[in-house]
Structure formats: structure tokens, C-alpha cells
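The next block holds one structure in the form of C-alpha cells; read it before the comments.
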Amino acid sequence: MTSLTKQALLDHCKVEVKEVNVEGVGVLFVKPSTELQRSKRIADMFDKNGNLTDESKQRRRVNLIIDHICDEDGNAMFNEGDAKDLLALDGTKLDPFVEAVMLINGEL
């Protein structure tokens, strides 16, 4: 048994892009959140009284798409400026993409 080193921990926790085949659409690349990204999303979810904001509830799925869908090199496909466009799309057609993200994140 070897001791855990700083480098081993950093290597083990590196963000890895995963490939998901979305039926009828094609290959989608998904990456997990970085710790910074996750912390920012969590902080943005609450108002000054510690209550979930309506905006965070409404944007949950779109934020998953923005934060996780990427190209094969891990570059984000969408950014915050795309949220309005994504919110206007057919929600049922976005389901397979949200499910792919949730699958990679262990939420399904």
C-alpha cells in the first residue's frame, strides 16, 4: 500500500470529459463541474436569507447544460449569455441532454 501524495490526489480528481451517445442526435461530450464552478452555483442558488431563489429553480436544467456540455477537448459549448436562448427551447427535446449530464454526474 502506498501513501497518497499531493500529485496523486490532483491526478485522481482531474476533470475528465466523457462521451455519451444521445439516441437520434449523436455523440455528446460531458464534463463534471470543477470545484470552483460547483461552489459558485451553490452560492448563487440562495438569497441573503438562505432561501432558494426562484431564478435558481427556473434555471437548474439550463445551468446543467451550460456547466457540463462541452466539446471533446472540454471547452464549454455554452456560456451564461446563452441561457436566454436555452430557456426558450423545447424542454422535452432538452431532456436527453439533461439526462446525459445527470448520468455522468451520478444523479441517475
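Nothing fancy with the numbering, it's 1 onward along the sequence. This is a predicted model, so every value here is computed, not measured. The figures here come from the full heavy-atom set of this structure, side chains too, leaving out hydrogens, waters and symmetry mates.
- Here the CG atom belonging to D67 is positioned 8.5 Å from the OG1 atom belonging to T34, to the nearest 0.5 angstrom.
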Candidate pair R59 and E80, rule salt bridge (charged side-chain N to carboxylate O under 4.0 Å, His left out), full reasoning:
CA-CA 11 Å; R59 286 186 48 154; E80 292 299 319; 2.5 Å; yes
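- Legend: residues meeting side chain to side chain contact (heavy atoms under 4.5 Å, CB included) with N49, ordered by chain and number and at least two apart, are D47, N51.
- Taking CZ of F97 as the start and CE of M77 as the end, the distance is 8.5 Å to the nearest 0.5 Å.
- Annotation: side-chain hydrogen bond (donor to acceptor under 3.5 Å, both in side chains) contacts of D71 (sequence neighbours excluded): N75.
- Under the 4.5 Å side-chain heavy-atom criterion for Ile, Leu, Val, Met, Phe, Trp and Tyr, V15 and L103 are members of distinct hydrophobic clusters.
- The shortest side-chain heavy-atom distance between P32 and N105 falls under the 4.5 Å cut-off.
- Between the side chain of K31 and the backbone N or O of E16, no donor-acceptor pair lies under 3.5 Å.
- Grouped by direct or indirect side-chain proximity (heavy atoms under 4.5 Å, Ile/Leu/Val/Met/Phe/Trp/Tyr only), I42 sits with M45, F46, L52.
- The hydrophobic cluster containing V17, built from Ile/Leu/Val/Met/Phe/Trp/Tyr side-chain heavy atoms closer than 4.5 Å, also comprises V27, F29.
- Q58 meets the side chain to side chain contact (heavy atoms under 4.5 Å, CB included) test with D54; sequence neighbours excluded.
- Residues meeting the side chain to side chain contact (heavy atoms under 4.5 Å, CB included) test with N79, sequence neighbours left out: D82.
- Counting only heavy atoms from C-beta outward, the side chains of R61 and D95 approach each other to under 4.5 Å.
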